[in-house]
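Chain identifiers are assigned alphabetically (A, B, ...) following the order of the sequence lines, protein sequences preceding nucleic acid strands; residue numbering begins at 1 within each chain.
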2 protein chains.
Amino acid sequence: MKQISSRFSIAVHILSLVAVTPDPCTGDYLAGSVNTNPVIIRRITGMLKKAGLIDVRPGVGGATLRVSPDDITLLMVFKAVQAASEGELFHFHDNPNPDCPIGGNIEALLRAEMRAAQEAFEARLASVTLRKLLEGFKPHLGAELRVP
Amino acid sequence: MKQISSRFSIAVHILSLVAVTPDPCTGDYLAGSVNTNPVIIRRITGMLKKAGLIDVRPGVGGATLRVSPDDITLLMVFKAVQAASEGELFHFHDNPNPDCPIGGNIEALLRAEMRAAQEAFEARLASVTLRKLLEGFKPHLGAELRVP
DNA sequence: TTTAGTTGTAACCAATATGGTTATAACATA
DNA sequence: TATGTTATAACCATATTGGTTACAACTAAA
């Protein structure tokens with residue numbers, strides 16, 4: 001199966017690092033931590049910026065949080081980073097035969113179940129804020145952690 | 001975003017049709033209802049067969065349910081049809097830098113959240129049986145419906 | 001003003017998954 | 001044996017993804 005793009009985990013990584021770092025984070029710095037190409041980072045920071053989650057300063061460089069870690073949920077990150085396909089997790093097969101007793105009726109019913117499953121998925125992501133996630137770091141980082 | 005393969009919706013369509021049809025369903029018949037190529041159908045019935053959900057008779061032809069519609073959940077279908085990638089919905093980015101304060105710690109925490117979201121998703125799919133889905137047809141089909 | 005470092009994009013590329021198609025072997029029954 | 005079916009291999013076109021190079025635009029400091 002084709003999995004959900006690693007853009008999501010990278011985006012959470014970026015936001016966590018930006019939240020914890022006192023100074024603005026440059027793309028190259030982020031790329032070093034995530035361990036990927038700076039352009040990948042810029043593509044994702046661009047999406048996060050467009051979603052209003054971060055500020056990125058062109059020219060001088062550096063990204064900073066635009067929203068409090070209390071108000072950023074994993075679902076917001078997920079949506080910010082997906083962008084396409086109407087945000088639908090499932091793909092329904094095209095044009096089932098309407099003359100068939102099932103084909104004509106299954107679509108609405110199954111679609112409703114798919115939507116319900118996606119909603120359960122999204123509700124769980126929505127229940128976790130960036131702050132809550134970062135709390136988990138504290139035991140490891142001690143005083144180093146600096147979340148506004 | 002890359003969506004979940006339509007194999008899932010096709011598989012549910014197939015199982016519904018097999019459950020409702022008194023006689024064994026041939027691949028060509030199923031292909032006509034789903035509106036796709038018979039080979040696509042055979043690929044999917046092969047997966048459903050391997051998962052123990054249906055019987056398919058080579059040579060003579062025709063698929064029948066091997067398990068009661070009460071005991072087939074959408075999650076079973078989902079898993080039967082995905083097969084690959086360890087059943088993991090999310091893809092975590094590779095090798096975050098362990099020297100970074102976040103990179104070294106984020107993985108386990110975020111992975112746990114991803115797993116929780118996937119579990120919520122799967123729990124919802126597990127709560128719906130094929131029978132329950134087929135109940136929804138009744139108003140439309142009336143006496144035509146024939147579920148064992 | 002010039003320079004250096006950065007962000008923002010465009011343009012590719014390789015790898016992979018997907019849905020589709022054709023062809024052929026294996027199979028079971030009349 | 002003949003017929004219709006399933007099983008499977010071998011392709012193909014398309015799309016997404018992660019990666020890369022290249023270059024324009026931008027900002028601040030020298």
Side-chain angles (χ1 to χ4, degrees), chain A residues 1-11 13-14 18 23-32 34-51 54-64 66 81-96, chain B residues 1-11 13-14 18 23-32 34-51 54-64 66 81-96:
Chain A
M1 184 213 142
K2 189 63 187 168
Q3 295 175 304
I4 290 167
S5 166
S6 64
R7 257 176 288 153
F8 173 66
S9 63
I10 294 178
H13 188 148
I14 289 173
V18 168
D23 304 311
C25 298
T26 67
D28 282 19
Y29 174 60
L30 292 168
V34 172
N35 189 27
T36 185
N37 191 288
V39 177
I40 303 293
I41 299 295
R42 277 179 239 153
R43 283 211 273 246
I44 296 176
T45 53
M47 294 176 185
L48 295 174
K49 183 184 177 185
K50 197 170 292 180
I54 61 174
D55 280 318
V56 182
R57 299 183 303 176
V60 53
T64 49
R66 188 179 174 74
V81 130
Q82 302 296 318
S85 293
E86 313 264 327
E88 294 290 334
L89 225 46
F90 285 98
H91 175 38
F92 201 96
H93 59 287
D94 300 319
N95 311 316
Chain B
M1 184 212 141
K2 189 64 187 169
Q3 296 175 304
I4 290 167
S5 165
S6 64
R7 258 174 289 152
F8 173 68
S9 64
I10 294 177
H13 188 148
I14 289 173
V18 169
D23 303 312
C25 297
T26 69
D28 282 19
Y29 173 62
L30 292 167
V34 171
N35 189 28
T36 185
N37 191 290
V39 178
I40 303 293
I41 298 295
R42 277 179 238 151
R43 285 212 272 246
I44 297 176
T45 52
M47 295 177 184
L48 296 174
K49 182 185 177 184
K50 197 170 293 181
I54 60 173
D55 281 316
V56 183
R57 298 184 303 178
V60 53
T64 50
R66 186 178 175 76
V81 130
Q82 302 296 317
S85 293
E86 313 266 325
E88 293 291 331
L89 224 47
F90 285 98
H91 174 37
F92 201 95
H93 59 287
D94 300 318
N95 312 317

Residue A:Lys2, side-chain atoms from C-beta onward, closest of C:dA17, C:dG19, D:dT20: C:dA17

Among D:dG18, D:dT6, C:dT6, which nucleotide sits nearest the side chain of B:Arg42? D:dT6

Tell me whether B:Ser9 contacts the main-chain N or O of A:His93 through its side chain, where contact means a donor paired with an acceptor under 3.5 Å. yes

Could you check whether B:Arg57 gets within reach of a base, just the sugar-phosphate, or nothing at all, counting any heavy atom under 4.0 Å? sugar-phosphate

Strictly below 4.0 Å: does B:Lys49 bring a side-chain N or O up to OP1 or OP2 of D:dA7? yes

Proximity to the side chain of B:Pro58 - top-ranked nucleotide from D:dG19, D:dA7, D:dT17: D:dA7

Can you figure out which of C:dG19, D:dT21, C:dT29 approaches the side chain of B:Ser6 most closely? C:dG19

Looking at A:Ile10, A:Ile40, A:Ile14, which hits side chain to side chain contact (heavy atoms under 4.5 Å, CB included) with A:Leu30? A:Ile14

Of the non-hydrogen atoms in B:Arg66 and B:Asp55, which two are nearest, and what is the gap between them? NH1-OD1, 2.9 Å

Examine D:dT17: is either OP1 or OP2 under 4.0 Å from a nitrogen or oxygen in the side chain of A:Arg7? Give yes or no. yes

Name the residue closer to the 5' end of DNA chain D, choosing between A:Gly59 and B:Ala63 according to the nucleotide with the nearest heavy atom. B:Ala63

Answer yes or no: is there a donor N or O on one side and an acceptor on the other, between the side chain of B:Gln3 and the main chain of A:Glu88, under 3.5 Å? yes

Under-4.0 Å side-chain N/O to phosphate OP1/OP2 contact, A:Ser5 with D:dG18: yes

Which one, C:dT22, C:dA17, D:dG19, comes nearest to the side chain of B:Val39? C:dT22

Does D:dG19 have OP1 or OP2 sitting under 4.0 Å from an N or O in the side chain of A:Thr36? yes

